[in-house]
Amino acid sequence: MTEEELTVEALHAWLQRFAADITSQADWLTELDSAIGDADHGTNMVRGTTAVIAKLDAGTPATVQDLLKSVGMTLVSTVGGASGSLYGTFFLEMGRNSPASGQLKAAEFEGAVRAGVDGVIARGHAGIGDKTMIDALEPATTVLAKSLANGTDLRGSIATAAAAASKGRDSTKPLVARKGRASYLGDRSAGHIDPGAASAAILVAALAASVEEGSTR
Ligand code: ADP
Ligand code: MG
């Protein structure tokens, strides 16, 4: 990639790293889900991200729009659980709001991510503080936009977004879940990090790491 755009290859590299990081942290994700859910988040995400990589390796779409839509459809059909349709929606909406070209400029990327997160919110009706993946995704998206508006380059802005996502993940620990399976536990959901917020922070961190690596290659 160049500093100010993400190519199809850069998105592919992001998703490869996401899949690898999900696989290496799957046990932890499942452990988090065993505390406040049904202990399947790690296996759900490994199944989905592995299928995404198999599909992309079999033939990488030529445009960012097609690549992101393909990722979304694969996640919807393979992850299962609440998170499958939510992550699927994220990528489908990102794709629907991306150009049919080989790269995303910084502003286009920001717009696509915003559309993706808005799609997750429209589908799951979670807001900040409900103890879901939104607690990581929403601040990451806000910070990305602010950082780009301040004139920071795409790589630096994505790094700041990753820091916001991990802070958002940690913020879920004391919260009582108001959405998803964990909400059935009521007050007993407090004291544990939300598994979907953890995987969402992995998603953003994987982007930061792959962009960092791509720029020094
Ligand atoms: P399931 O809860 O069906 O077993 P997973 O374990 O794969 O699915 O995913 C659980 C995660 O999904 C939660 O930790 C939470 O972050 C996310 N989630 C659940 N419901 C919602 C929702 N309505 N909005 C946003 N995220 C949600
Ligand atoms: Mg679960």
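Atoms within a ligand are numbered from 1 in the order they appear, just like the ligands themselves. Bear in mind that the values here come from a model prediction, so they are computed numbers and not experimental data.
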Taking W14 for the side chain and L203 for the main chain, is one N or O donor matched with an acceptor at less than 3.5 Å? yes

### Task
Answer yes or no: does an N/O atom from R181 fall short of 3.5 Å to an N/O atom of ligand 1?
yes

field: Heavy-atom gap G37 to ligand 1 smaller than 4.0 Å
entry: no

* Any donor-acceptor N/O pair, D135 side chain to T132 backbone, under 3.5 Å -> yes

Residues at least two apart in sequence or cross-chain that pass salt bridge (Lys or Arg N to Asp or Glu O under 4.0 Å) with R188, listed by chain then number, are none

Do the side-chain N and O atoms of T30 and H41 include a donor-acceptor pair separated by under 3.5 angstrom? no

Closest to atom 24 (N) of ligand 1 among protein heavy atoms sits A126 CB, 3.5 Å

Closest non-hydrogen contact found for T160 with S147 is OG1-OG, 4.1 Å

Logged contact type for T132 with ligand 1, heavy-atom cut-off 4.0 Å, is both

Discussion item. Polar contacts were defined as any N/O atom of the residue lying under 3.5 Å from an N/O atom of the ligand; does this apply to N44 and ligand 1?
Written reply: yes

Can you tell me if K55 and S70 form a side-chain donor-acceptor pair at under 3.5 Å?
yes

Consider every N or O of G196 and every N or O of ligand 1, then say whether any pair is closer than 3.5 Å. yes

Here the atoms of ligand 1 under 4.0 Å from any heavy atom belonging to D40 are 4 (O), 5 (P), 6 (O)

Nearest heavy-atom approach of G196 to Y87 is O-OH, 3.5 Å

side-chain contact (heavy atoms from CB on, under 4.5 Å) with L92: of N97, L75, V71, V76, only one passes, and it is V76

If you scan protein heavy atoms around atom 4 (O) of ligand 1, the nearest is D38 OD1, 2.9 Å

Residues S83 and M45: closest non-hydrogen pair is OG-SD, 4.2 Å

Within 4.0 Å of some non-hydrogen atom of G180, the atoms of ligand 1 are 19 (C), 20 (N)

Among non-hydrogen protein atoms, atom 17 (C) of ligand 1 lies closest to M133 CE, 3.9 Å

Within 4.0 Å of some non-hydrogen atom of L86, the atoms of ligand 1 are 18 (N), 21 (C), 22 (C), 24 (N), 25 (C), 26 (N), 27 (C)

For ligand 1, find out whether one of its N or O atoms is nearer than 3.5 Å to an N or O atom of V120.
-> no

Numbered in order shown, the ligand 1 atoms found under 4.0 Å of a heavy atom of G81 are 3 (O), 8 (O)

Point to revise | Electrostatic pair R155:E4 at N-O distance under 4.0 angstrom | key: no

Less than 3.5 Å between some nitrogen or oxygen of A82 and one of ligand 1, yes or no?
yes

| field | Sub-4.5 Å side-chain heavy-atom contact between L154 and V211 | value | no

shortest atom 23 (N) of ligand 1-to-protein heavy-atom contact is with G124 O, 2.9 Å

Open item on the list: Can a donor-acceptor pair be found, under 3.5 Å and without considering hydrogens, that links the side chain of S189 to the backbone of G186?
Closed with: yes

Atom 10 (C) of ligand 1 sits nearest the protein heavy atom H41 ND1, 4.1 Å

Does any N or O in the side chain of T152 come within less than 3.5 Å of the main-chain N or O of L148, such that one atom is a donor and the other an acceptor? no

The closest protein heavy-atom partner of atom 12 (O) of ligand 1 is S83 CB, 4.0 Å

query = Is a side-chain N or O of D194 found less than 3.5 angstrom from the main chain of A197, in a donor-acceptor match?
reply = yes

Sorted by chain and number, sequence neighbours left out, side-chain hydrogen bond (donor to acceptor under 3.5 Å, both in side chains) with T141 holds for none

Within a distance under 2.8 Å of the Mg ion (ligand 2), the protein atoms of type N, O or S are D33 OD2, D38 OD1, D40 OD1

Query raised in the report: Based purely on interatomic distance, does D194 place a nitrogen or oxygen under 3.5 Å from a nitrogen or oxygen of ligand 1?
Result: yes

inquiry  = Would G80 count as being in polar contact with ligand 1, using the rule that some N or O on each side must be under 3.5 angstrom apart?
reply    = no

So side-chain hydrogen bond (donor to acceptor under 3.5 Å, both in side chains) across residues 164-179, not counting sequence neighbours, yields D130-R178

Taking only non-hydrogen atoms of D33 and a 4.0 Å limit, the atoms of ligand 1 in range are 6 (O)

